[in-house]
Q: 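Structure provided below as structure tokens; questions to follow.
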Amino acid sequence: MALERTFSIIKPDATRRNLTGKIIAKFEEGGLRVVASRRIHMTRRQAESFYGVHRERPFFGELVDFMISGPVVVQVLEGENAIARNREIMGATDPSKADAGTIRAEFAESIGENSVHGSDAPETARQEIAHFFSEADIVG
């Protein structure tokens, strides 16, 4: 198994409901370590840039509006096969299809307000981490 890093966002729906600690506990209980973390209120420019790959999709404007609607927690998670492990811990995007015990099964309000974001591949993780953190911000 490979030690790797992945990027995670605890989204506005979860921070609004004060679930940050419970979500981080799930990551830690699942074998991931938080090696960088910052609570921010994303600007429209940051959200549009971060989600730029979806710019032509019909949900882009709604996604950006949601992500700037309140504070988020951006973080770097580290562990064995962290990308796949994070995605298992998060659960399916649609909370009604997420396995019991996953973050989205327990905390998501809808497909759109699904409490967390996680990188889907090593290259995506590197890009997403670099969007919010420098290497000096990450403490292993």
Side-chain angles (χ1 to χ4, degrees):
M1 290 210 228
L3 185 68
E4 65 185 2
R5 290 178 177 162
T6 190
F7 179 73
S8 169
I9 300 176
I10 301 175
K11 295 181 178 181
D13 61 299
T15 62
R16 180 182 72 246
R17 292 178 290 137
N18 204 29
L19 297 173
T20 302
K22 290 178 181 179
I23 290 172
I24 291 171
K26 286 211 170 272
F27 291 134
E28 292 177 338
E29 290 162 6
L32 299 174
R33 290 185 322 131
V34 178
V35 294
S37 181
R38 182 178 296 133
R39 185 179 179 97
I40 65 169
H41 199 134
M42 238 189 259
T43 65
R44 180 168 296 279
R45 176 181 271 175
Q46 282 177 311
E48 287 175 347
S49 174
F50 184 79
Y51 287 106
V53 297
H54 300 301
R55 190 171 303 280
E56 301 305 318
R57 313 266 316 254
F59 60 81
F60 178 73
E62 186 177 321
L63 174 61
V64 169
D65 288 345
F66 168 60
M67 291 304 292
I68 67 172
S69 69
V72 300
V73 177
V74 293
Q75 53 192 359
V76 180
L77 305 175
E78 183 177 78
E80 294 291 326
N81 296 311
I83 295 166
R85 187 71 191 116
N86 180 38
R87 296 185 73 74
E88 290 171 18
I89 294 165
M90 288 189 309
T93 303
D94 181 345
S96 70
K97 296 178 182 171
D99 290 340
T102 63
I103 291 169
R104 289 175 173 152
E106 289 190 26
F107 303 124
E109 296 182 309
S110 67
I111 291 174
E113 295 188 6
N114 60 19
S115 300
V116 286
H117 162 88
S119 301
D120 61 1
E123 182 58 32
T124 309
R126 281 189 291 278
Q127 291 170 353
E128 291 180 344
I129 290 168
H131 200 88
F132 292 98
F133 296 98
S134 71
E135 199 57 40
D137 295 326
I138 302 170
V139 181

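Because only heavy atoms are used, hydrogens play no part in the values below, and waters and symmetry mates are left out as well, while side chains stay in.
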Q: Which value, rounded to the nearest 0.5 Å, describes the distance between Asn81 atom CG and Leu3 atom CG?
A: 9.5 Å
Q: Less than 4.0 Å between a side-chain N and a carboxylate O, is that true for Arg17 and Glu113?
A: no
Q: Salt bridge or not for Arg38 and Asp137, using N-O below 4.0 Å?
A: yes
Q: Hydrophobic clustering (ILVMFWY, side-chain heavy atoms < 4.5 Å, transitive) - are Ile83 and Val34 grouped together?
A: no
Q: Over all heavy atoms of both residues, which pair between Ala105 and Ala100 is shortest? Give the atoms and the distance, please.
A: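 Smallest heavy-atom distance, with atoms named: CB-CA, 4.3 Å.
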Q: Rounded to the nearest 0.5 Å, how far apart are NZ of Lys22 and OG of Ser115?
A: 11.5 Å
Q: Starting at CG of Asp13, measure out to OG of Ser110 and round the result to the nearest 0.5 Å.
A: 7.0 Å
Q: Do you know the tightest heavy-atom contact between Pro12 and Gly70?
A: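 Smallest heavy-atom distance, with atoms named: CG-O, 3.8 Å.
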Q: Applying ring pair (Phe, Tyr, Trp, His ring centres under 6.0 Å), which residue pairs with at least one partner in residues 54-75 are found, sequence neighbours left out?
A: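 The answer is His54-Phe59.
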Q: Name all pairs fulfilling the ring pair (Phe, Tyr, Trp, His ring centres under 6.0 Å) condition that reach into residues 80-124, sequence neighbours left out, sorted by first residue then second.
A: Phe50-His117
Q: Would you say that Thr15 contacts Val73 through its side chain, given a criterion of any heavy-atom pair below 4.5 Å between the two side chains?
A: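 Yes; the side chains approach each other to less than 4.5 Å.
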Q: Determine, using the 4.5 Å side-chain heavy-atom cutoff (strictly less than), whether Val72 and Leu63 are members of one ILVMFWY cluster.
A: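 Result: yes, single cluster for both.
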Q: Sorted by first residue and then second, give each salt bridge (Lys or Arg N to Asp or Glu O under 4.0 Å) pair with at least one member in residues 126-135; sequence neighbours left out.
A: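 Every pair satisfying salt bridge (Lys or Arg N to Asp or Glu O under 4.0 Å) with a residue in residues 126-135: Arg5-Glu135, Glu123-Arg126.
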Q: I'd like to check the side-chain hydrogen bond (donor to acceptor under 3.5 Å, both in side chains) partners of Thr124; sequence neighbours left out, ordered by chain and number.
A: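 side-chain hydrogen bond (donor to acceptor under 3.5 Å, both in side chains) list for Thr124, sorted by chain: Asp120.
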Q: May I ask you to test the Thr6-Val76 pair for a side-chain heavy-atom distance under 4.5 Å?
A: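 Counting from C-beta outward, Thr6 and Val76 never come under 4.5 Å.
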Q: Is any side-chain heavy atom of Ile9 less than 4.5 Å from a side-chain heavy atom of Gln75?
A: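 Side-chain contact under 4.5 Å: no.
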Q: Under a 4.5 Å cut-off applied to non-hydrogen side-chain atoms, are Val116 and Lys11 in contact?
A: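 No, their side chains stay 4.5 Å or more apart.
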Q: If I compare all heavy atoms of Ser49 with all of His131, which pair ends up nearest, and what's the gap?
A: OG-CE1, 3.0 Å
Q: Less than 4.5 Å apart, any side-chain heavy atom of Gln127 and any of Phe7?
A: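 Sidechains of Phe7 and Gln127: no contact.
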Q: Is there a donor-acceptor contact under 3.5 Å linking the side chains of Thr93 and Asn114?
A: no
Q: Looking at side-chain heavy atoms only, is the closest gap between Leu32 and Asn86 below 4.5 Å?
A: yes
Q: Given side chains that start at C-beta, do those of Ile40 and Val74 come closer than 4.5 Å, heavy atoms only?
A: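 The answer is yes; the side chains approach within 4.5 Å.
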Q: Report yes if the side chains of Thr102 and Ile89 come closer than 4.5 Å at any heavy-atom pair, otherwise no.
A: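 Sidechains of Ile89 and Thr102: no contact.
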Q: Transitively linked via ILVMFWY side-chain contacts under 4.5 Å: Leu19 with Met42?
A: no
Q: Would you compute the distance between atom CD1 of Ile23 and atom OG of Ser8 and round it to the nearest 0.5 angstrom?
A: 8.0 Å
Q: Would you sort out whether Glu106 and Lys26 count as a side-chain contact (heavy atoms from CB on, under 4.5 Å), showing the intermediate values?
A: CA-CA 11 Å; Glu106 289 190 26; Lys26 286 211 170 272; 3.0 Å; yes
Q: Tell me the salt bridge (Lys or Arg N to Asp or Glu O under 4.0 Å) pairs involving residues 39-58, sequence neighbours left out?
A: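 Pairs touching residues 39-58 that pass the test: Arg44-Asp65.
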Q: Got a sec, which residues hit side-chain hydrogen bond (donor to acceptor under 3.5 Å, both in side chains) with Glu88, two or more places apart in sequence or on another chain?
A: Arg85
Q: To the nearest 0.5 Å, tell me how far Ser37 OG sits from Phe133 CZ.
A: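 Ser37 OG to Phe133 CZ: 6.0 Å, rounded to 0.5 Å.
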